[in-house]
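Here is the structure we will look at.
All chains are named by letter (A, B, ...) in the order of the sequence lines, taking the proteins before the strands, and each is independently numbered beginning at 1.
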There are 2 protein chains.
Amino acid sequence: MPETDRLLLPEELPDRLMEVFNLVGPLYRRVQRKIEQDAARGVPVGVRAVLDLLREHGPMTVPQLGRSQALSRQFVQRMVNEAAARGLVESTPNPAHQRSLLIGLTPAGRDAIGAVVEREHALLRQTDGSLTDADVTACVRVLSQLLDLFKDVDLGNAKPPQV
Amino acid sequence: MPETDRLLLPEELPDRLMEVFNLVGPLYRRVQRKIEQDAARGVPVGVRAVLDLLREHGPMTVPQLGRSQALSRQFVQRMVNEAAARGLVESTPNPAHQRSLLIGLTPAGRDAIGAVVEREHALLRQTDGSLTDADVTACVRVLSQLLDLFKDVDLGNAKPPQV
DNA sequence: TCAGACATGACACCTAAGGTGTCATATGGC
DNA sequence: GCCATATGACACCTTAGGTGTCATGTCTGA
């Protein structure tokens, strides 16, 4: 890679990164709406998110779920309760912390999220095929760094710097 | 770039792209919250979005604004009205379409969005400096393709396929 | 060992982003 | 000139997601 692989200077960074943000907004909204449609007959967006996390990472506690997706623990709790009410999720004792239960998928939950993800995968397979491994890796790198920049934006009951 | 630059196979695409989505959500939310904080003393998120678009593309009509950000025209209209009420934006006759007015920034609006963007740029300059031009370009490519995938997700008063 | 800081769950309440439905009017193409 | 369509305006709604607070439980460190 010749010229283009050079590091971006601090002066050019902001404008370039803005290009990214200008895509993130519309993308997020459209995906949200797409999921809502799919959800018409089932899983609300928030519940879907919880199920998907449990599917990928195995059982987790509510606060862990919240942190991993930058959502308040209270909100996640509601989604988990909702999912539990539908029998998609169940809590089991947490060996590490007795108070904080581990939330895990039930077989029904695993089926439900499996079906949803399968439909989504079908959609994603329809990209035009010109994306390279390096593209996606770079994209992930960029987004991760941006996310990092906003790390400090706290929520839920995160403690304000207790001076 | 040896191996990594190869095209992704349809089978691997979905999982790789999911990595991207898993970052887009948290990022969107955190940025939204960050802007809200900044907005505490002024510009709501939606208004900020409108002003920013006008700043980059010059005067546009309300429906154009909506389409370009995947927002319903009604919602954008409200944001524009709000901005107009604050004197940040003004409508001028549209030579091309008489009914649909062109929305443009007032000097006050230009100042306001300029200040906001300046603060944001300051933040963005703080990335750790390891991003290359190619990274950002790839990221934009990936996000654009994804956005394209969801192009069909219609909203506002878009017509359902009038068979 | 026990006091105080911190984490968790539960519940109530709130904000606002963003959509939907619908009307009247104005366009613009055929 | 007529009909589909786009626009603006207004009313209403959904729901994602946050905040405040309490009681209880857990952890840490002096």
Side-chain angles (χ1 to χ4, degrees), chain A residues 25-26 28-37 39-40 43-50 60-67 69-82 84-85 89 91 93-103 153-163, chain B residues 25-26 28-37 39-40 42-50 60-67 69-82 84-85 91 93-103 153-163:
Chain A
Y28 181 84
R29 278 175 228 121
R30 285 215 237 244
V31 169
Q32 202 81 349
R33 239 171 280 129
K34 187 75 180 177
I35 295 179
E36 279 164 22
Q37 290 173 8
V43 199
V45 183
V47 173
R48 194 223 87 109
V50 166
M60 302 170 72
T61 69
V62 167
Q64 280 169 355
L65 287 165
R67 278 188 293 267
Q69 283 291 300
L71 292 168
S72 74
R73 71 188 174 82
Q74 290 94 331
F75 176 69
V76 172
Q77 183 81 52
R78 287 200 301 273
M79 293 305 114
V80 166
N81 293 346
E82 172 74 24
V89 123
S91 41
N94 183 350
H97 277 256
Q98 180 168 354
R99 178 88 195 270
S100 184
L101 304 173
L102 276 178
I103 312 298
V153 182
D154 265 330
L155 47 81
N157 290 11
K159 54 283 127 194
Q162 306 264 10
V163 189
Chain B
Y28 181 84
R29 280 175 228 121
R30 285 216 236 243
V31 170
Q32 204 79 350
R33 240 170 280 128
K34 187 73 181 179
I35 296 179
E36 279 164 20
Q37 290 175 7
V43 197
V45 183
V47 172
R48 195 225 87 110
V50 166
M60 302 171 72
T61 70
V62 167
Q64 281 170 353
L65 288 165
R67 277 188 294 269
Q69 284 289 299
L71 293 168
S72 73
R73 69 188 177 81
Q74 291 91 332
F75 176 69
V76 173
Q77 183 81 52
R78 288 202 300 275
M79 294 304 114
V80 166
N81 293 346
E82 172 75 23
S91 41
N94 183 351
H97 276 257
Q98 181 168 354
R99 178 88 195 268
S100 185
L101 304 173
L102 276 178
I103 313 298
V153 182
D154 265 332
L155 49 80
N157 291 12
K159 55 280 126 195
Q162 306 265 9
V163 191

Rounded to whole angstrom units, what separation is found between the CD atom of A:Gln32 and the P atom of C:dA17? 15 Å
The answer to which of B:Gly46 and A:Ser100 contacts DNA chain C further toward the 5' end, by nearest nucleotide, is A:Ser100
Counting distance alone, no hydrogens or angles: does the base of D:dG8 have a donor or acceptor under 3.5 Å from a partner atom on the side chain of B:Arg78? no
Without decimals, in angstroms, what is the distance between A:Gln64 CD and C:dT8 C1'? 12 Å
Any side-chain N or O of B:Tyr28 under 4.0 Å from OP1/OP2 of C:dG18? yes
Please report the end-to-end axis angle for the helix from C:dT1-D:dA30 to C:dC30-D:dG1, five pairs per end, rounded to 10 degrees. 50°
Atom CZ of A:Arg33 and atom C1' of C:dG18 are separated, to the nearest Å, by 8 Å
Distance in angstrom units between B:Arg29 CZ and C:dA16 C1', rounded: 16 Å
Between CD of A:Gln69 and P of D:dA16 the distance, given in whole Å, is 15 Å
Calculate the interatomic distance between B:Gln77 atom CD and D:dG8 atom P; express it in whole Å. 5 Å
For atom CZ of A:Arg67 and atom P of C:dA7, their distance in whole Å: 8 Å
Is there a side-chain contact between A:Leu102 and A:Thr61, using heavy atoms and a 4.5 Å cut-off? yes
Just the rounded figure in Å: distance from C1' of D:dG17 to CD of A:Glu82. 15 Å
